[in-house]
Amino acid sequence: MGDPTKQIFALVDVNNMYVSCERAFNPRLRDRPVVVLSNNDGCAVARSNEVKALGVPMGAPWFQMRDLARQHGIVGLSSNYTLYADMSNRIMAILRTYSPNVEVYSIDESFLSLNGLGGLWASPTAMGQDIRAKVAQWTSLPVCVGVGQSKTLAKLANHVAKKFPLFDSVADFTTMSDARTAWLLQRIDVGEVWGVGRRIGAKLRAMGINTVQDLKDAPPSTMRAHFGVVLERTCNELRGVSCLELEEVAPPRKEIVSSRSFGTMVMTAAELGESLSTYAARAGEKLRGQHAVCGAVHVFVQTNRFRDQDDQYSNGITIPLVEPSADNRVLAGAALHGLAMIYREGFKYKKAGIMLMDLQPDTQRQGVLFDAGRDRARSVAAMAALDALNERFGRDTVHLGSAGLVRRWAMLSENRTPRYTTNWLELPKVRAQ
DNA sequence: TCTGGGGTCCTAGGACCC
DNA sequence: TCTGGGGTCCTAGGACCC
């Protein structure tokens, strides 16, 4: 599978993930055009190929495609994220049997490192086809596989696998001739490249860079001058220079958001406050899940920006916490405090949310609080407990108590004097496990 | 009537310090 | 006449991703 000194990445991605999950459990949806809708059945968050072919863009509001839906029998489904997460976990488990190095990039995408796996398969394509067959057999979900010398190229290969039927859902740049690669890259719009969005795409086209091949041929230094280090890196990745590493362990979140659009307009601070308390609880759960506390809570409210006939208002405020916390009551309290400061009467609110910011690892005051003991055995045991904690955390654990207790304790435990404090705030902090 | 939710990184500019 | 310069931290905004 190629030179072992070179990097090889695969990107495995579920086709129309949410639609495919629904179809897996309801076969009658298989020959029908299907969209999965966002919260409140607002807009399309997933489209089947038939729906895409009808020109329905991602995020299209459901109410705007009502006519189209009637004409073509489009089925609109409310989303079921619990189901999708479960299916995602099943697929990721399968992928881990193919490579020890997997990065779960999103609910429907994973990068695999194929470094050193060359001996196991006739070719990356053979492996890709095997993945497809196994995932289909075990989950009945369709996936595409792209293989390349960088993550950006693997993403692009995945696009090729999807769009060019000739490839039968698996495309591999690492074994492709330069001529054939160039032929393909000249036929793919530059906007398909990972990291090239609407704005940068437009700017690139204005510079005469229209295809992926054009971007690959552009000098990285020029790209850096015009767009910054990110596009320079993208350009290098397209050239087969791997700049982005596999991130196997998901780094902890740096902020946690919880927000929703309301199904109907909300007018009162009381109603907004109720929603915000719910969001605070949900965000707090995630926060504690990563053993973190947050130092500030951001609250925001918005009216419906699509309603020109309504007065518009949008505001947000960040409330610092006196002490970092992950306590739902503290988070909700800060959110409500912020709400009181930004709430304006008379507006029809459409959306509200909170963002937990300044996330820090949860640290707990690590001390030992107990009676120093009336007998020798208990004092020796207590000292041993302190030693064990010091060993475990690699730092001083401090006894919380009075000078008198410590003296007595020292006497009973062979004159060893523990470090002690009478103020728990002076106890050293250790990171939650 | 009805228009998603949750993230990251980079950059520029201001404040502040020495 | 002539008015520094470098480093760091913070924030807001822009761009991207799924």
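Throughout, protein chains are lettered first and strands after them, A, B, ... in sequence-line order, and every chain is numbered starting at 1.
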L231(A) atom CG is separated from dC16(C) atom P, nearest whole Å, by 10 Å

Base-pair string, DNA chain B, Watson-Crick plus G-U, cut-off 3.5 Å on both distances, | for inter-strand, is ....||||||||||||||

side-chain contact (heavy atoms from CB on, under 4.5 Å) filter on S78(A), not counting sequence neighbours, yields D41(A)

Sequence neighbours excluded, the answer for salt bridge (charged side-chain N to carboxylate O under 4.0 Å, His left out) partners of R70(A) is D67(A)

Please lay out, stage by stage, how Y343(A) and L336(A) fare under the test side-chain contact (heavy atoms from CB on, under 4.5 Å). CA-CA 10 Å; Y343(A) 175 76; L336(A) 296 181; over 6 Å; no

For R132(A), the side-chain hydrogen bond (donor to acceptor under 3.5 Å, both in side chains) test, sequence neighbours excluded, returns Q129(A), S169(A)

So, with a heavy-atom separation below 4.0 Å from DNA chain B, the residues of residues 60-74 of chain A are P61(A), F63(A), Q64(A)

For dC2(B), take OP1 and OP2 only and decide whether either is under 4.0 Å from a side-chain N or O of R307(A). yes

Say you pick atom P in dT3(B) and the same atom in dC18(C); how far apart are they, in whole Å? 25 Å

Within residues 197-221 of chain A, the residues having a heavy atom closer than 4.0 Å to DNA chain C are G197(A), R198(A), R199(A), I200(A)

Check your understanding: Stepwise, does the side-chain contact (heavy atoms from CB on, under 4.5 Å) test hold for T303(A) with D311(A)?
Key -> CA-CA 8 Å; T303(A) 51; D311(A) 291 334; over 6 Å; no

Hey, do the aromatic rings of W194(A) and F111(A) have their centres closer than 6.0 Å? yes

From CG of L244(A) across to P of dC16(C) the rounded distance in Å is 16 Å

When rounded to whole Å, the CD to C1' distance for the pair Q309(A) and dC2(B) reads 12 Å

Review item, side-chain donor-acceptor pairs of residues 201-212 of chain A, under 3.5 Å, at least two apart:
residue : atom : partner : partner atom : Å
R205(A) : NH1  : G201(A) : O            : 3.4
R205(A) : NH2  : D189(A) : OD2          : 2.8
T211(A) : OG1  : Q213(A) : N            : 3.3
T211(A) : OG1  : D214(A) : N            : 3.1
T211(A) : OG1  : D214(A) : OD1          : 3.4
T211(A) : OG1  : D214(A) : OD2          : 3.4

Item to complete: Tell me what V193(A) touches on the nucleic acid: a base, only sugar-phosphate, or nothing, going by heavy atoms under 4.0 Å.
Response: sugar-phosphate

In whole angstroms, the gap separating C1' of dC2(B) from CG of D308(A) amounts to 15 Å

M17(A) atom CE is separated from dC18(C) atom C1', nearest whole Å, by 12 Å

Which part of the nucleic acid does N304(A) contact within heavy-atom distance under 4.0 Å: base, sugar-phosphate only, or nothing?
sugar-phosphate

Sorted by chain and number, sequence neighbours left out, salt bridge (charged side-chain N to carboxylate O under 4.0 Å, His left out) with D327(A) holds for R329(A)

**Prompt:** Hey, is E103(A) close enough to K151(A) for a salt bridge, meaning N to O under 4.0 Å?
**Reply:** yes

For K162(A), the side-chain hydrogen bond (donor to acceptor under 3.5 Å, both in side chains) test, sequence neighbours excluded, returns D13(A), N158(A)

Compile the donor-acceptor pairs under 3.5 Å between side chains in residues 262-271 of chain A and protein atoms, sequence neighbours left out, one pair per line.
residue : atom : partner : partner atom : Å
T268(A) : OG1  : E271(A) : N            : 3.1
T268(A) : OG1  : E271(A) : OE1          : 3.1

Side chains of R32(A) and N26(A): is there a donor and an acceptor less than 3.5 Å apart?
no

Item checked: Under 3.5 Å side-chain donor-acceptor pair for R90(A) and T139(A) -> no

Heavy-atom contacts, protein to nucleotides 4-15 of chain B, under 4.0 Å, summarised as B (base), S (sugar-phosphate only) or - (none) per nt, yield BSSSBSSS----

Please table the atom pairs, donor to acceptor, closer than 3.5 Å between any side-chain atom in residues 242-254 of chain A and protein atoms at least two apart or in another chain.
residue : atom : partner : partner atom : Å
E248(A) : OE1  : N101(A) : ND2          : 3.3
E248(A) : OE2  : N101(A) : ND2          : 3.2

